[in-house]
Amino acid sequence: MLKIYNTLTRNKQDFIPVEPNKVRMYVCGMTVYDYCHLGHARVMVVFDMAYRWFKASGYDVIYVRNITDIDDKIIKRAGENKESIHVLTQRFIDAMHEDERGLGILPPDFEPRATQYVAQMLAMIAKLETNGLAYLAADGDVNYAVRKFDGYGKLSGKSLEDLRAGERVNVNDGKSDPLDFVLWKHARDDEPEEVKWPSPWGRGRPGWHIECSAMGSELLGKHFDIHGGGADLQFPHHENEIAQSEGAHQCQYVNYWMHNGFVRVDDEKMSKSLGNFFTIREVLKKYDAEVVRFFILRAHYRSQLNYSDAHLNDAKGALTRLYTALKTIPVRPELDETTSHSTRPSENASQVAGYVEGWHIDWNTPHAQRFKAAMDDDFNTPEAIAVLFDLANEVNRIQSFDAAAQLKSLGATLGLLQRDPQAFLQGGAEGDLSEAQINAQIAARIAAKQVKNYAESDRIRKELLEAGIVLEDSAAGTTWRRA
RNA sequence: GGCGGGGUAGCAAAAUGGUUAUGCAGCGGAUUGCAAAUCCGUCUAUAGCGGUUCGAUUCCGCUCCCCGCCUCCA
């Protein structure tokens with residue numbers, strides 16, 4: 001039985017879907033005014049992992065991850081760049097998709113953009129107004145009356161009194177209560193026409209929170225299973241979503257709330273002011289994408305994750321061990337379940353290399369059972385990965401083809417280990433030497449060894465090592481990998 | 001100030017009321033012309049103080065320290 005830590009109840013709970021065998025999951029995605037950073041990478045990888053695990057567990061999953069393509073920062077950035085909102089957002093949406101492909105992220109089933117759901121948002125705001133939860137303020141904004149909603153604060157564990165006590169200096173902006181939030185922002189003169197939609201309350205644009213409520217219920221229904229996002233979205237964003245959705249629909253919105261921990265850099269919060277902000281593309285220039293994915297999955301999704309070169313190098317070494325095992329004992333095609341059953345990928349999935357729709361894993365083996373138990377325990381990927389290492393040891397120890405096949409197929413459920421081992425081990429940053437040069441050096445070394453000229457063979461090996469190439473002799477011959 | 005999450009060996013990171021986590025690094029051995037890889041063995045833990053218990057790293061309390069949210073933020 002899968003257990004999920006639910007922020008709403010602050011407990012691990014058995015996962016019982018609203019509809020048997022179906023999972024409907026909504027994750028807050030990116031605001032597209034810049035390149036995705038490592039924090040985004042973690043959200044993408046973590047929920048991709050969950051998505052894969054639901055599928056591997058036999059659920060029918062509908063995964064929605066939205067794109068916020070209208071908001072203050074976008075308008076500001078477009079203004080600075082002197083370009084249209086649409087051009088700006090499309091550019092960063094494309095960049096985001098590129099980053100995702102790099103990280104082996106399966107495309108969500110739906111990727112709705114806020115600007116395409118303005119009608120649904122307006123309908124929802126109207127409903128809130130009818131239900132007495134929304135009001136038109138003097139300044140033209142439509143606000144949510146937080147005090148009219150019973151249970152405001154139930155997700156973040158805050159009470160309105162506490163919030164009021166810790167309230168920051170607030171200019172009066174037409175809200176009847178400082179804690180009220182905007183559903184619909186009236187159009188400003190200095191804003192481009194592009195961001196002005198007609199509405200019963202005058203021209204304007206949606207507030208930030210309403211888009212998720214509207215798109216969630218449109219695509220997944222008024223009541224669905226899982227809603228995820230970064231830990232910081234818990235409040236106010238997700239709290240406000242609950243207020244909107246439950247206020248409008250008068251029923252439970254989401255059963256399980258999942259929040260992933262933050263990424264830190266060298267033990268400091270990643271922020272633009274500290275200048276320690278890393279975009280995904282920057283990191284991918286330096287590290288193999290699978291190493292980054294492995295690095296993220298190696299920590300539990302709810303814990304903090306500290307990014308540093310040392311940790312990435314560590315992750316690289318660990319992943320190298322797994323691939324080395326797979327290189328030593330190649331998975332025989334007839335045993336390679338992960339690839340032999342990949343003939344029916346969904347349209348989405350087929351775009352991602354290494355993804356397999358049909359995992360025909362024998363869950364009755366001890367390793368698979370341990371793996372499953374770990375994953376079922378609130379997606380305990382560190383524990384699941386430990387099982388992978390035990391399998392690698394078995395592969396190396398008893399040359400087990402079965403263990404190798406299992407290693408690869410279990411890896412697939414995490415989106416790992418699906419590449420040709422050689423390609424992984426020899427990939428990465430191009431050194432000064434071409435593959436042909438490396439092979440020539442290896443041939444020269446073998447020749448030297450044959451005449452027992454070890455001084456020469458060792459010299460060649462050392463030279464290659466200095467160029468980042470590690471040689472490995474075995475009975476089958478000499479192979480190389482990048483250090 | 002309010003709410004929440006943590007402090008595990010050199011580093012990273014799980015788990016657990018009594019029994020090897022795991023990876024990297026270290027040490028010893030096997031293997032190797034020597035290495036690398038691999039295998040075997042091995043050393044470093046549970047912030048501090050109390051309490052519960054036959055027994056606590058694990059449960060409870062207190063102290064110290066770290067972090068997050070309360071403001072846009074993944």
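Below, read A as the first sequence line, B as the second, and so on, with proteins coming before strands; counting in each chain starts at 1.
- Under the Watson-Crick and G-U wobble criteria, each requiring two contacts below 3.5 Å, nucleotide B:rG68 is paired to B:rC3.
- Ring geometry for A:Phe181 versus A:Tyr144: interplanar angle under 30°, hence parallel rather than tilted (30 to 60°).
- Residue whose closest nucleotide on RNA chain B sits further toward the 5' end, between A:His237 and A:Ser159: A:Ser159.
- Residue contacts shown for A:Lys449 include a base, since a base heavy atom lies under 4.0 Å away.
- In this structure, of B:rA21, B:rG68, B:rA12, it is B:rA21 that holds the atom nearest to the side chain of A:Ala386.
- Contact check for A:Glu383 versus A:Arg370: side-chain heavy atoms found under the 4.5 Å cut-off.
- Atom name C1', nucleotides B:rU63 and B:rA13: the rounded distance is 27 Å, in whole Å.
- When heavy atoms are screened at a 4.0 angstrom cut-off, A:Asn306 is found touching no nucleic acid atom at all.
- At the heavy-atom level, A:Asp458 lies under 4.0 Å from base atoms of the strands shown.
- If you check every strand for non-hydrogen atoms under 4.0 Å, A:Ser303 touches sugar and phosphate atoms only.
- Within the nucleic acid shown, A:Val387 has no heavy atom closer than 4.0 Å to any nucleic acid atom.
- Taking 4.5 Å as the limit, some side-chain heavy atom of A:Asn260 sits within range of a side-chain heavy atom of A:Phe47.
- Contact annotation: A:Thr478 side-chain N/O to B:rA35 OP1/OP2 distance is not under 4.0 Å.
- A close approach under 4.0 Å does not occur between any side-chain nitrogen or oxygen of A:Asn313 and OP1 or OP2 of B:rC24.
- With both ends at atom P, the span from B:rA35 to B:rG26 equals 15 Å, rounded to whole Å.
- Nucleic acid contact for A:Arg65: none, since no nucleic acid atom lies under 4.0 Å from a heavy atom of the residue.
- What separates CG of A:Leu312 from P of B:rA13 is a distance of 13 Å, to the nearest Å.
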Going through the checks in order, is the side-chain contact (heavy atoms from CB on, under 4.5 Å) test met by A:Arg77 and A:Asp34?
-> CA-CA 9 Å; A:Arg77 182 62 57 87; A:Asp34 209 337; 3.4 Å; yes
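- Across the protein-nucleic acid pair, A:His300 atom NE2 and B:rU22 atom P stand 21 Å apart, rounded to whole Å.
- Base contact: A:Gly39 has a heavy atom under 4.0 Å from a base atom.
- Under the Watson-Crick and G-U wobble criteria, each requiring two contacts below 3.5 Å, nucleotide B:rC39 is paired to B:rG29.
- Distance from the side chain of A:Val470 is smallest to B:rA36 among B:rA36, B:rC72, B:rA14.
- Nearest nucleotide to the A:Phe389 side chain, out of B:rC69, B:rA74, B:rG23: B:rG23.
- For A:Gln304 and B:rC69, the CD to P distance is 9 Å, given to the nearest whole Å.
- B:rG50 and B:rC64 have their C1' atoms separated by 15 Å, given to the nearest Å.
- Contact between the side-chain N/O atoms of A:Asn393 and the OP1/OP2 oxygens of B:rC40 is found at a separation under 4.0 Å.
- Using a 4.0 Å heavy-atom cutoff across all strands shown, A:Leu471 reaches at least one base atom of the nucleic acid.
- Judged by the 6.0 Å distance and 45° axis criteria, A:Lys3 is not positioned over the aromatic ring of A:Phe15.
- In this structure, A:Phe295 atom CZ and B:rU22 atom P are separated by 22 Å, rounded to whole Å.
- Here the side chains of A:Met44 and A:Met30 are in contact, with some heavy-atom distance below 4.5 Å.
- Here B:rC11 presents its P atom at 23 Å from NZ of A:Lys316, a figure rounded to the nearest Å.
- Here B:rG68 is the nucleotide among B:rG68, B:rC70, B:rA36 with the atom lying nearest to any side-chain atom of A:Arg264.
- Relative orientation of the A:Phe224 and A:Tyr26 rings is tilted, given thresholds of 30° and 60° on the angle between their planes.
- Between B:rU42 and B:rG48, the two P atoms lie 26 Å apart (nearest whole Å).
- In this entry B:rC54 has B:rG18 as its Watson-Crick or G-U wobble partner, both defining distances falling under 3.5 Å.
- Look at CG on A:Leu297: it is 19 Å from P on B:rA12, rounded to the nearest Å.
- Base contact: A:Glu383 has a heavy atom under 4.0 Å from a base atom.
- In this entry B:rU46 has no Watson-Crick or G-U wobble partner, no candidate having both defining distances under 3.5 Å.
- If you check every strand for non-hydrogen atoms under 4.0 Å, A:Ser156 touches sugar and phosphate atoms only.
- Nucleotides B:rG7 and B:rA45, compared at atom C1', are 12 Å apart to the nearest Å.
- Here the nucleotide nearest the side chain of A:Asp377, chosen from B:rA15, B:rA74, B:rA36, is B:rA15.
- Of the candidates B:rA15, B:rU38, B:rG33, the closest approach to any side-chain atom of A:Arg321 belongs to B:rU38.
- The pair A:Asp378-A:Arg302 counts as a salt bridge, with a side-chain nitrogen and a carboxylate oxygen less than 4.0 angstrom apart.
- The side chain of A:Arg461 lies closest to B:rA35, out of B:rA74, B:rA35, B:rG23.
- Of the candidates B:rA74, B:rG33, B:rC39, the closest approach to any side-chain atom of A:Arg397 belongs to B:rC39.
- Atom pair A:Asp266:CG and B:rA12:P shows a separation of 12 Å (rounding to whole Å applied).
- For the P atoms, the distance linking B:rC59 with B:rG5 amounts to 13 Å, nearest Å.
- Two residues are said to be in side-chain contact when any heavy atoms from C-beta on lie closer than 4.5 Å; A:Leu407 and A:Phe389 fail this criterion.
- Nearest-nucleotide assignment on RNA chain B puts the 5′-proximal partner with A:Tyr5, out of A:Phe262 and A:Tyr5.
- Between B:rC73 and A:Trp208, a contact under 4.0 Å exists linking OP1 or OP2 to a side-chain N or O.
- The separation of B:rG4 from B:rC62, taken at their P atoms, amounts to 13 Å, rounded to a whole angstrom.
- B:rG6 and B:rA14 have their P atoms separated by 11 Å, with the value rounded to a whole Å.
- For B:rC67, the base has no donor-acceptor partner in the side chain of A:Lys269 [N/O atoms by modelled type, under 3.5 angstrom].
- Looking at heavy-atom distances under 4.0 Å, A:Gly29 makes contact with sugar-phosphate atoms alone, never a base.
- For A:Lys73, whose side chain is taken as the heavy atoms from C-beta onward, the closest listed nucleotide among B:rC73, B:rA12, B:rG4 is B:rC73.
- Distances shorter than 4.0 Å separate some side-chain N or O of A:Asn396 from OP1 or OP2 on B:rC39.
- Residue A:Gln234 contributes atom CD, which lies 11 Å from atom P of B:rG4 at whole-angstrom precision.
- Contacts of A:Asp390 with the nucleic acid, taken as non-hydrogen atoms under 4.0 Å apart, involve only primed sugar atoms and P, OP1 or OP2.
- Salt bridge A:Glu191/A:Arg205: present, at least one basic N to carboxylate O contact under 4.0 Å.
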